[in-house]
Amino acid sequence: MTEVRAVSQESLTCAADADPLAVHESAARVFAARGEWRRAYEHLRSALDLDVLTASYNRRYLDRRLAELRDAHPPAVALVDLDLFKSVNDTFGHEVGDQVLREVVRLLRWSLPAGGFCARYGGEEFVLVLPAVGAGAAVALAERARLRVAEHPWERLRPGLAVTVSIGVAHRPTRPRDVSAQLREADDLLYLAKRAGRNRVAYRQYGTVRVVRTVRSAEWVTTRNEGSLTSLERG
């Protein structure tokens with residue numbers, strides 16, 4: 001019988017090429033065949049915390065983990081939204097759109113810190129939970145994720161396909177333990193990243209909103225105050 005190594009939830013989220021849903025389901029089958037019902041149940045329960053389409057964690061898991069972290073050290077959160085995703089579905093079809101969502105999740109999971117994870121927030125929005133990182137590191141992690149998506153060879157999937165994401169990073173709740181307010185802050189910053197032209201990362205530093213975007217071999221090339229942003233529809 002095939003041996004299955006026990007895999008923790010934390011290590012699953014850090015493995016960019018792993019399919020956590022498939023791993024948990026496979027492990028549950030093996031342990032059930034051995035009569036190890038408790039271990040099989042644990043893997044099935046973990047599978048229920050995963051989004052079926054993307055194998056990222058689902059909203060239920062996100063809410064539970066944030067509630068648990070709230071009473072310790074609230075993590076940084078990065079709210080990620082695919083830019084103009086409706087046009088991907090309209091132009092290439094929903095099957096390609098589903099493939100894009102799965103691939104974006106795989107790219108977002110790269111280089112997450114220990115204990116970090118990616119969860120589907122709804123539709124084409126995802127949350128990166130980044131525990132035990134400073135503000136600068138959180139922005140850098142989000143920017144690297146944005147750049148990975150932008151530079152991915154999407155045309156290998158369909159000629160003419162291009163995909164980018166916009167990200168809002170909220171490092172700490174404005175009020176202690178108020179994680180819901182932190183998510184709202186990340187959502188507001190995401191909207192400002194969209195208004196700045198999309199394919200950007202927005203964050204707040206000393207009360208000022210800054211929007212950044214790097215290119216190869218360059219440092220921060222865009223830094224703007226909130227008041228100078230140009231209005232664009234969110235999408």
(request) Test side-chain contact (heavy atoms from CB on, under 4.5 Å) on V100 and L161 and set out the steps. (result) CA-CA 10 Å; V100 167; L161 176 63; 4.0 Å; yes

(message) Is there a side-chain contact (heavy atoms from CB on, under 4.5 Å) between L82 and V104? Walk through the geometry before answering.
(response) CA-CA 9 Å; L82 276 71; V104 166; 4.0 Å; yes

(message) As a quick check of understanding, evaluate side-chain contact (heavy atoms from CB on, under 4.5 Å) for D49 and R64, giving each step before the final call.
(response) CA-CA 10 Å; D49 285 330; R64 187 174 74 245; 2.9 Å; yes

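A salt bridge links D83 with K194: the distance from a Lys NZ or Arg NE/NH1/NH2 to an Asp or Glu carboxylate oxygen falls below 4.0 Å. Residues R184 and D188 are not paired through a salt bridge, judged by the lack of any N-O separation under 4.0 Å between the basic side chain and the carboxylate.
With hydrogens and angles disregarded, a donor-acceptor distance shorter than 3.5 Å links the side chain of R148 to the backbone of W110.
Residue R204 holds its CZ atom at 11.5 Å from CZ of R210, rounded to the nearest 0.5 Å. Here the straight-line distance linking atom CG of L190 with atom CZ of R200 works out to 13.5 Å at 0.5 Å rounding. With rounding to the nearest 0.5 Å, the separation of OH in Y203 from CD in E185 is 13.0 Å. Annotation: the span from R146 atom CZ to R213 atom CZ amounts to 5.5 Å, rounded to 0.5 Å. Taking CG of L101 as the start and CZ of R106 as the end, the distance is 14.0 Å to the nearest 0.5 Å. Atom CG of L84 is separated from atom CD of E124 by 10.0 Å, given to the nearest 0.5 angstrom.
Between Y61 and Y57, the ring-plane angle classifies as parallel under the 30° and 60° cut-offs.
Side-chain contact between V77 and L183 is present, with at least one heavy-atom pair separated by less than 4.5 Å. The shortest distance between side-chain heavy atoms of W154 and E103 falls below 4.5 Å. Residues V211 and V201 fail the side-chain proximity criterion, which asks for heavy atoms closer than 4.5 Å. Inter-residue side-chain proximity for V169 and L128 is flagged as unmet; no heavy-atom pair is nearer than 4.5 Å.
Shown are L108, V127, V105; of these, the side-chain contact (heavy atoms from CB on, under 4.5 Å) with V80 is made only by L108.
Applying the side chain to side chain contact (heavy atoms under 4.5 Å, CB included) criterion to E155, with sequence neighbours excluded, gives no partner residue. Residues meeting the side chain to side chain contact (heavy atoms under 4.5 Å, CB included) test with L69, sequence neighbours left out: R65, P75, V129.
The minimum heavy-atom distance linking D51 with R120 is given by the pair OD2-NH1, 3.2 Å. Contact detail for V133 and A76: the closest heavy-atom pair is CG2-CB, 4.2 Å. Residue T164 comes nearest to V149 through the heavy atom pair CA-CG1, 4.1 Å, listed as atom of the first residue, atom of the second, then distance. Of all heavy-atom pairs spanning F126 and S56, the tightest one is CE2-OG, 3.9 Å. When all heavy atoms of E125 and D187 are compared, the closest pair comes out as OE2-OD1, 4.2 Å. Residues H171 and Q182 come closest through the heavy atom pair O-NE2, 3.3 Å.
Looking at S166 and D81, their side chains never bring a donor and an acceptor atom within 3.5 Å of each other.
Residue pairs meeting the salt bridge (Lys or Arg N to Asp or Glu O under 4.0 Å) criterion with at least one partner in residues 90-102, sequence neighbours excluded, are K86-D90.
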